[in-house]
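Inspection log for the structure reproduced underneath, given as structure tokens.
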Amino acid sequence: MAKYAFIFPGQGAQKAGMGLDFYENFEVSKNVFEVANKVLNKNVSKICFEGTDEELKQTVNTQSAILAVEIAILEAFKSKTSIRPSFVAGHSLGEYAALYESGAIDLENIFKAIQKRAELMHSATLIGEKGSMAAVLGLDKEIIKENLIDGVSIANYNEPAQTVITGKEDIILKMVDILKAKGARKVIPLAVSGAFHSPLMQSASDNFKNFIDEIIVNDAKIPVVTNVDAMCTTDKDELKEKMPKQISNSVFWVQTIERMLNEGVDTFIEIGPGKVLSGLNKKMCPENVKTYNIFDIQSLNDTLNELN
């Protein structure tokens, strides 16, 4: 019998029109967008369906928009199948869809949390030194770590041959040359507005902790494999402790997938816009492990036909 994990992508997966077919075809999906619009007092659905690239890139829009799409797709999928996950995980903001599916945070509070997170991260980019990020391809993570200079840290361990560095913008530019000289195939500066998952986000992390203390978080019914340590977590106090840390700490995604493989997961279902996590899984998982991704009605039906 298959053992499932639901995984949810993060920033960078967004595109105009995402989620529209679910809004139009599933009442449960439409409800998710309507709750987001009401709770956040802004037209999240319009940003998803009609937003310009520039609007969708702004983290104060991106995070709530992607989360709404992920939960809308999740609810549509669940309405069509009895399949439920043994584990859930999400890449950066995707962890909030995982927290929702786990039962740790309800729909209204998860939207309040992601919007507060986005606003605080945006504010952190406006104070202190300007931050940036870059993807390092084709270089072992240990070599990268050995050559980091002050002001730079690891943001994401995405897959064995792709690590993202984060930190002060001028130093990230220096790191491009250093890591290329050490054998990196490519070092690509990312089009982001700040040094996410770095100490430059500490003010956002601290302020988010105060916010999380005020909302209801329950014990998770499904283990959440958390970004900050790749550990299976269900205790509400541990989840409340880890959520603020995630903003300024590394995303241990390679280790997260390895954890679920070690726990016996043999079928991953990526839920959300794009195919980023499915692509990473192809580079990390054994051939007998299946990965499906659901991002539109066609991929939903394809996945249901394969699994049911």
Side-chain angles (χ1 to χ4, degrees), residues 4 6-85 88 90-119 268-278 292-308:
Y4 296 95
F6 291 178
I7 54 177
F8 302 90
Q11 250 172 278
Q14 69 273 6
K15 68 172 187 174
M18 60 181 181
L20 177 59
D21 48 356
F22 289 95
Y23 179 91
E24 293 176 336
N25 289 281
F26 288 89
E27 198 61 36
V28 289
S29 302
K30 186 176 182 181
N31 178 65
V32 171
F33 286 107
E34 288 178 347
V35 170
N37 293 345
K38 182 179 177 182
V39 168
L40 302 181
N41 196 30
K42 68 177 185 178
N43 200 332
V44 177
S45 51
K46 187 175 182 181
I47 293 168
C48 291
F49 309 152
E50 303 174 22
T52 64
D53 287 346
E54 193 54 43
E55 282 178 303
L56 284 165
K57 278 181 189 174
Q58 294 171 19
T59 196
V60 290
N61 293 328
T62 314
Q63 296 197 31
S64 55
I66 288 180
L67 182 64
V69 172
E70 290 177 351
I71 296 177
I73 297 173
L74 169 70
E75 292 297 347
F77 177 61
K78 287 166 62 179
S79 74
K80 289 288 189 178
T81 181
S82 60
I83 289 169
R84 296 296 182 266
V88 290
H91 192 288
S92 192
L93 85 84
E95 188 163 273
Y96 286 76
L99 288 163
Y100 168 77
E101 171 61 4
S102 78
I105 307 179
D106 67 19
L107 189 59
E108 289 194 12
N109 278 306
I110 208 71
F111 281 122
K112 289 176 184 176
I114 203 66
Q115 190 61 32
K116 189 67 173 180
R117 179 184 187 267
E119 289 167 359
F268 291 90
I269 303 175
E270 178 183 5
I271 298 171
K275 306 178 183 179
V276 171
L277 301 184
S278 299
Y292 301 91
N293 61 298
I294 305 173
F295 56 90
D296 60 11
I297 297 287
Q298 184 63 54
S299 56
L300 170 67
N301 291 331
D302 291 345
T303 300
L304 288 169
N305 288 336
E306 287 275 342
L307 295 176
N308 288 339

(request) Flag the pair R84 / Y4 as yes when at least one side-chain heavy-atom distance between them is below 4.5 Å, and no otherwise. (result) no

(message) So, taking the atom named CD in E95 and the one named NE2 in H91, what distance separates them when rounded to the nearest 0.5 Å?
(response) 10.5 Å

(request) Flag yes if more than 12 heavy atoms outside K57 fall under 6.0 Å of its NZ atom; otherwise flag no. (result) no

(request) Would you check if K42 and N37 make a side-chain contact, meaning some heavy-atom pair closer than 4.5 Å? (result) no

(message) Quick check: do E270 and I294 have side-chain heavy atoms less than 4.5 Å from each other?
(response) no

(request) Indicate whether the side chain of E101 and that of Y96 have a donor and an acceptor atom separated by less than 3.5 Å. (result) no

(request) Compare all side-chain heavy atoms of L67 with those of I71 and state whether any distance is below 4.5 angstrom. (result) yes

Solution key, residues 24-34 side-chain donor-acceptor pairs under 3.5 Å, sequence neighbours excluded:
residue, atom, partner, partner atom, Å
N25, ND2, D21, O, 2.7
S29, OG, A72, O, 2.8

(message) Does F6 form a ring pair (Phe, Tyr, Trp, His ring centres under 6.0 Å) with F77? I'd like the steps, not just the answer.
(response) CA-CA 11 Å; F6 291 178; F77 177 61; 5.8 Å; yes

(request) Starting at CG of N61, measure out to NZ of K46 and round the result to the nearest 0.5 Å. (result) 12.5 Å

(message) Testing the basics here: between A98 and V88, what is the closest heavy-atom pair and its distance to 0.1 Å?
(response) O-CG2, 3.5 Å

(message) What I'd like to find out is whether the side chain of I271 reaches to under 4.5 Å of the side chain of Y292, using heavy atoms alone.
(response) no

(request) Compare all side-chain heavy atoms of R117 with those of I114 and state whether any distance is below 4.5 angstrom. (result) yes

(message) I'd like to know whether CD of E108 has more than 12 heavy-atom contacts from other residues, nucleotides or ligands below 6.0 angstrom.
(response) no

Distance-only criterion, 3.5 Å: show the donor-acceptor pairs between side-chain atoms of residues 7-19 and protein atoms not counting sequence neighbours.
residue, atom, partner, partner atom, Å
Q11, OE1, T59, OG1, 3.3
Q11, NE2, T59, OG1, 3.4
Q14, OE1, G12, N, 2.7

(message) Could you check whether any side-chain N or O of S64 sits under 3.5 Å from a backbone N or O of Q115, counting only pairs where one atom can act as donor and the other as acceptor?
(response) no

(request) Could you pull out the closest heavy-atom pair between V35 and F111, with the gap in Å? (result) CG1-CD1, 4.3 Å

For residues 300-308, dump all side-chain donor-acceptor pairs below 3.5 Å to protein atoms at least two apart in sequence or in another chain.
residue, atom, partner, partner atom, Å
N301, ND2, I297, O, 3.4
D302, OD1, Q298, NE2, 2.9
T303, OG1, S299, O, 2.8
N305, ND2, N301, O, 3.2
N308, OD1, T81, OG1, 3.3

